[in-house]
Amino acid sequence: MLIRNNNHGFVHSLSSEITSQTQYLQRRAFMQTLATGAAGAALASWAGRDALAAEAERAHLPALKGLPSKVSGAMTVEAATAYKDATGYNNYYEFGLDKGEPARNAGTLKTRPWTVRIEGLVQKPQTLDIDSLLKLSAQEERIYRLRCVEGWSMVIPWVGYSLSELLKNVQPLSSAKYVEFVTLADKAQMPGLRSGVLDWPYTEGLRLDEAMHPLTLLAFGMYGEVLPNQNGAPVRLVVPWKYGFKSAKSLVAIRLTDKEPGTAWNKAARNEYGFYSNVNPEVDHPRWSQATERRIGEGGLFAKKRKTLMFNGYGDQVAQLYAGMDLKKFY
């Protein structure tokens, strides 16, 4: 219905209120879906993944090799998740809410040309294209455990280098305390942006010392190839001791700041998703336990669950970052 009114401010206000209410209802409906049990809902979706097998098989993407990393903790000896599972079972809401939708829909993403801005509290702000980023440091293979907040896990061989290599290159100012990560939000390429589940663009954040930790990875590839679109091409973050949603995909900006940045899931449900989001089996999600996890591809729907490890098993490397902190308060 078209409303003619000379009070343009009122019309704009009414439109904004309707949009806000619509987004709220979309978010609430999605949270209610998760409330039935995230792991159960996720695994129900996974049961149909075989129908996507042909799509999720290797697409023969360009090779991207890395030397085995010498960083402590970077090379778990656990068996890697099958490529078809790691590329066919994804959370990437910009391309859809179902686990199989990113693999089906992310072909619209154009990863070249691509640039990333490194800005904020740095001495040398830069905008680098993807080729410059690829050449900035030697590529390494890192075999990391990935633990999703929904209660499932994978083991993925990534290719990239420590984010600290990039941050050192721009020289953070002494006033910088945090790093904000901003991802692409382009409605022409990302059909999921039409949903109001999250406040787009997707943003994430780390404390500067977390970002500078050698395990924090700027990833350009996986399984010896460049990243598939549905896994965050052409460049993403991987923080292995935190829940998977902290590892922002398809980065377009990295911003250093003196204030804790707002993050996508924290803004959507502050009481459920804290800023730190370290993997912690002793701190349950308000609607499900975090004590155990199901490894994707390991025995199907009825496989025995694994015990979740503190810091996802990287405690020897990262526990000192949180010395003296109450990890139930700073969840």
Side-chain angles (χ1 to χ4, degrees), residues 69 71-74 114-130 132-138 140 142 144 158 160-185 199-220 232 234-267 270 273-279 311 314 317-327 329-331:
S69 179
V71 171
S72 175
W114 192 279
T115 59
V116 179
R117 305 185 313 275
I118 306 94
E119 58 192 17
L121 299 177
V122 298
Q123 291 187 37
K124 296 182 177 180
Q126 300 179 25
T127 298
L128 299 175
D129 63 29
I130 190 61
S132 297
L133 284 166
L134 283 163
K135 296 173 184 175
L136 189 141
S137 187
E140 298 181 1
R142 308 272 186 96
Y144 284 167
W158 303 101
Y161 52 77
S162 295
L163 174 64
S164 60
E165 297 298 324
L166 175 60
L167 296 180
K168 286 185 291 187
N169 192 53
V170 297
Q171 298 180 18
L173 299 177
S174 60
S175 54
K177 305 299 181 186
Y178 296 90
V179 184
E180 180 183 28
F181 303 90
V182 183
T183 70
L184 182 68
D199 181 18
W200 311 111
Y202 192 99
T203 55
E204 256 306 335
L206 297 172
R207 245 176 24 200
L208 181 58
D209 58 344
E210 296 177 313
M212 293 294 289
H213 193 281
L215 282 176
T216 301
L217 184 68
L218 199 62
F220 303 89
V235 56
R236 63 170 290 168
L237 186 69
V238 183
V239 191
W241 69 92
K242 294 179 179 287
Y243 292 117
F245 65 85
K246 293 293 291 184
S247 296
K249 303 177 177 73
S250 302
L251 297 173
V252 295
I254 298 173
R255 184 176 300 124
L256 282 79
T257 175
D258 58 351
K259 296 180 177 61
E260 182 178 294
T263 63
W265 279 104
N266 183 249
K267 287 185 283 187
R270 187 171 298 276
Y273 304 98
F275 175 79
Y276 285 95
S277 294
N278 293 317
V279 175
F311 297 115
Y314 297 94
Q317 289 77 32
V318 304
Q320 74 278 2
L321 294 175
Y322 312 101
M325 289 179 61
D326 182 345
L327 297 182
K329 179 180 178 181
F330 296 99
Y331 58 94

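Since we're looking at a predicted model, the values are computed, not measured.
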Where is the tightest heavy-atom contact between [X] and [Y], given as atom of each residue plus distance?
X: Glu180; Y: Gly262; answer: OE2-O, 4.4 Å
X: Gly160; Y: Leu217; answer: C-CD1, 3.6 Å
X: Asn266; Y: Gly274; answer: ND2-CA, 3.9 Å
X: Gly73; Y: Tyr314; answer: O-CE2, 3.2 Å
X: Ser132; Y: Asp129; answer: N-OD1, 2.7 Å
X: Pro261; Y: Gly205; answer: CG-CA, 3.9 Å

About how many Å separate [atom2] of [Y] and [atom1] of [X], when rounded to the nearest 0.5 Å?
X: Thr183; Y: Arg236; atom1: OG1; atom2: CZ; answer: 11.5 Å
X: Met325; Y: Tyr331; atom1: CE; atom2: OH; answer: 12.5 Å
X: Glu119; Y: Thr127; atom1: CD; atom2: OG1; answer: 7.5 Å
X: Leu184; Y: Ser250; atom1: CG; atom2: OG; answer: 6.5 Å
X: Gln317; Y: Phe311; atom1: CD; atom2: CZ; answer: 11.0 Å
X: Tyr243; Y: Asn278; atom1: OH; atom2: CG; answer: 8.5 Å

| Donor on one side chain, acceptor on other, Arg142 and Ser162, under 3.5 Å | yes
Close side-chain approach of [X] to [Y], heavy-atom, < 4.5 Å:
X: Trp114; Y: Leu133; answer: no
X: Leu208; Y: Tyr178; answer: no
X: Val239; Y: Glu204; answer: no
X: Leu218; Y: Tyr161; answer: yes
X: Arg207; Y: Tyr276; answer: yes
X: Tyr144; Y: Leu215; answer: yes
X: Ile254; Y: Phe181; answer: yes
X: Leu166; Y: Val116; answer: no

| task | Start with the C-alpha distance between Leu237 and Leu206, add both sets of side-chain angles, then the distance that settles side chain to side chain contact (heavy atoms under 4.5 Å, CB included), and finish with yes or no. | result | CA-CA 11 Å; Leu237 186 69; Leu206 297 172; 4.2 Å; yes
| field | Trace of the side chain to side chain contact (heavy atoms under 4.5 Å, CB included) decision for Asn169 with Gln126 | value | CA-CA 9 Å; Asn169 192 53; Gln126 300 179 25; 3.3 Å; yes
| Cation-pi between Lys267 and Tyr273: NZ/CZ under 6.0 Å from ring centre and within 45° of the ring axis? | no
| request: Can you tell me which residue pairs pass the salt bridge (charged side-chain N to carboxylate O under 4.0 Å, His left out) test with a partner in residues 210-219, sequence neighbours excluded? | output: Glu210-Lys242
| task | Hey, could you give me each pair passing salt bridge (charged side-chain N to carboxylate O under 4.0 Å, His left out) that has a residue in residues 163-176? Not counting sequence neighbours. | result | Glu165-Lys168
| field | Worked check of side chain to side chain contact (heavy atoms under 4.5 Å, CB included) between Leu167 and Leu256 | value | CA-CA 9 Å; Leu167 296 180; Leu256 282 79; 4.0 Å; yes
| Less than 6.0 Å separating the ring centroids of Phe330 and Tyr322? | no
| query | Do Val179 and Met212 pass the side chain to side chain contact (heavy atoms under 4.5 Å, CB included) test, and can you show the C-alpha distance, the side-chain angles, and the key distance before you say yes or no? | reply | CA-CA 10 Å; Val179 184; Met212 293 294 289; over 6 Å; no
